[in-house]
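Each chain gets a letter, A, B and so on, in the order its sequence line appears, and its residues count up from 1. Excluded from the calculations below are hydrogen atoms, water molecules and symmetry mates; all remaining heavy atoms, backbone and side chain alike, are included. For clarity, every value in this text was computed on a predicted model and none was experimentally measured.
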Amino acid sequence: MNRIKAKFLIIRIRKGDIDAFEEIYNAYIKKVYQFIFFRVPSKEIAQDLSHDAFVRLLNYIKNNDKEIYFLRALVYKIAKNLVADYYRQRGDEINIEEVVYKLGEDSDLEQKVDIEMNVVKINKHLKKLKNPEYREVIILKYLDELSYKEIAQILDKTEKAVRTMLHRALKELKNIIKIE
Amino acid sequence: MANKELKKLFQTAKQECQPNNDWVNDTRALILSQVHNEIPEQNVPFLMKFAEHLVPANLAFKPVAVFSLILGLVLISSFGSINAAQNTLPGDTLYPIKITAENVKYNLSFTQEQKAKTAMGMVEKRVGELKVIVEKEDNEEREYKVAQTTQKIKNSLNIVKDKVPIIGGEAVKEIDEKLAVMKDEIIQASGERIEGMENKMADELAQVVEQIKEASDVVMAALTEQENKGGEVKGEEDNKLTENLTEEQSPTSTPVEDIEEPMVTTTPEVILPAIDVKEALGIKDENIEEKPEEFKVNIGE
């Protein structure tokens, strides 16, 4: 969804046009679900949090008159905060960057059956990266397919820092995969 | 492992974690039913939806979007609707067209200076409408129309306040002059008390005057800052880099709620003697018990 279209949709939502919100939902639901899915232990939790992400997005759009420059980055940032809140409520003392390798560790056998081999493989490799931010930036770039600008928005870094971090992260990941 | 192979691995993993279509549809229905309860459905101008559909779905280039929007505006103008809508007031049939045209114009403003000027233009138009409503409308609908119009003025003033610290040059001075004129016009309109004007309406007008004063303070701070920087006036070209940085790096390391925070000056404040706006407007409030708020002005360092 391009920025001009997103702007129009936001204006329409603030005027009470529900169709506009449906368009945003259709555009981002799968991305948000995937984003959360890689960061929580189960599919059901991913579904619940995905639902909450859109409710929170709607409230943010309705209750703020300020211009939203990057809607997609905002959506991802809301999803990221929800995942952090989820772990905080569970009482897990864990950084948001650490949660990327929680997938597959749930003791529920049924959940394990749901998880396909490639997902497990990727998480196994990502787990070995020393810097948790490396894991996050790789997932945002290659799984969520966000632009450098959007990743910078979500991680609160400059675009240049994101590029540098990704380059280093990929180098380390390739070494890890080569060794195995 | 080459980048391509890594990418392929991620692509495959992504396909494996697609959400179930039934769940997607059910969640959509659930959220929309919640939305229906929370947002009272209003009539969104057809032109707003039409203008949006002129933008291609997977747009790669901004000029194409601009062309589409301009084409849309030309088409709309050719029917004379916008011209016919120019003098309408809240509640008139063509009033939504007027507002839509202004919103499209705002969205077509690409620089912060253009946005600030367009927003200021919207304030001027709303104030003009407010004057007509206060002077000529009958009592039944007047209160509602005043409330609607003052809300729009506040929204546009918020945009002006956000943009002024970013832009510089003559534009800021122009806005300062216009704000002074707006304030006088509203005070004058309030001063010509029409029989039966409700206190609530008078409060709305007083609030708008306060908002204009706040906007003037922000403008004053921006002008002072410009002067303190050796009198260099920032032109449009100098501002472009700042605008790009502001637009591209707007979120900071703060929670989602603060992503779109306007730039806040942290210059020292000077406390001026308290001014009671209502007293200045000649409005009597029987229930006044509290002191008026002190009037704070930000000055440059």
Side-chain angles (χ1 to χ4, degrees), chain A residues 1-2 4-5 7-9 11-13 15-22 25-26 29-30 33-34 37-38 46-47 50-51 54-56 58 60 62 64-70 73-74 77-78 81 115-116 118-119 121-122 138 142-143 145 149 152-154 156 158-159 170 173-174 177-178, chain B residues 1-3 6-7 9-14 16-20 23-24 27-28 30-32 34-36 38-45 48-49 51-52 55-60 62 65-66 69 103 107 115 155 158-159 162 247-257 259-262:
Chain A
M1 181 184 293
N2 62 69
I4 295 177
K5 190 172 176 75
K7 263 191 181 182
F8 273 115
L9 289 174
I11 292 171
R12 283 171 57 192
I13 290 171
K15 287 186 178 298
D17 187 351
I18 294 158
D19 291 344
F21 189 71
E22 188 177 352
Y25 174 86
N26 291 340
I29 181 60
K30 291 188 179 176
Y33 176 86
Q34 280 170 359
F37 182 79
F38 269 89
Q47 289 173 348
S50 300
H51 166 272
F54 282 93
V55 171
R56 213 181 257 201
L58 175 64
Y60 183 87
K62 264 182 0 181
N64 278 287
D65 284 338
K66 292 168 187 163
E67 209 169 331
I68 297 172
Y69 288 115
F70 300 106
L74 174 63
K77 196 145 189 179
I78 289 174
N81 287 350
I115 296 160
E116 299 289 347
N118 280 309
V119 169
K121 198 197 283 188
I122 283 179
I138 285 178
Y142 288 104
L143 279 164
E145 289 183 331
K149 196 188 286 188
Q153 299 265 331
I154 294 166
D156 295 324
T158 63
E159 213 173 304
L170 281 175
L173 184 65
K174 282 179 201 171
I177 295 171
K178 215 186 271 182
Chain B
M1 191 187 233
N3 271 356
L6 201 58
K7 224 174 176 176
L9 181 64
F10 280 109
Q11 290 289 342
T12 320
K14 237 174 48 158
E16 291 166 1
C17 51
Q18 290 285 329
N20 182 280
W23 171 81
V24 169
T27 306
R28 183 194 298 116
L30 176 63
I31 291 178
L32 289 180
Q34 289 169 342
V35 167
H36 269 289
E38 287 179 23
I39 300 181
E41 196 157 351
Q42 299 169 24
N43 280 329
V44 177
M48 175 66 69
K49 296 187 184 183
E52 180 201 315
V55 179
N58 293 311
L59 181 63
K62 199 172 192 177
V66 170
L69 283 165
N103 289 334
N107 283 312
K115 284 184 193 296
N155 291 343
N158 282 336
I159 295 173
D162 281 353
E247 192 155 307
E248 292 175 7
Q249 297 182 9
S250 51
T252 61
S253 57
T254 47
V256 156
E257 290 75 16
I259 278 181
E260 303 297 341
E261 276 288 333

Worksheet item: Of the backbone (N, CA, C, O) and the side chain (C-beta and beyond), which part of B:Leu30 lies under 4.5 Å from a heavy atom of chain A, both, or neither?
Response: side chain

Worksheet item: Given a strict heavy-atom distance threshold of 4.5 Å, which part of A:Lys30 is in contact with chain B: side chain, backbone, both, or neither?
Response: both

Practice prompt. Over all heavy atoms of both residues, which pair between A:Tyr33 and B:Gln18 is shortest? Give the atoms and the distance, please.
Written response: CE2-C, 4.0 Å

Worksheet item: Between A:Tyr25 and B:Ile31, is there a donor-acceptor pair closer than 3.5 Å when you use the side chain of the first and the backbone of the second?
Response: no

Item to complete: Measure distances from A:Leu173 to the heavy atoms of chain B and classify the residue's part below 4.5 Å as side chain, backbone, both or neither.
Response: side chain

Worksheet item: Under a 4.5 Å cut-off applied to non-hydrogen side-chain atoms, are B:Asn103 and A:Phe8 in contact?
Response: no

Fill in: B:Pro19 side chain reached by A:Phe37 side chain, heavy atoms, under 4.5 Å
no

Item to complete: Start with the C-alpha gap between A:Ile29 and B:Arg28, add the side-chain angles, then the distance that decides, and say whether side chain to side chain contact (heavy atoms under 4.5 Å, CB included) holds.
Response: CA-CA 9 Å; A:Ile29 181 60; B:Arg28 183 194 298 116; 5.9 Å; no

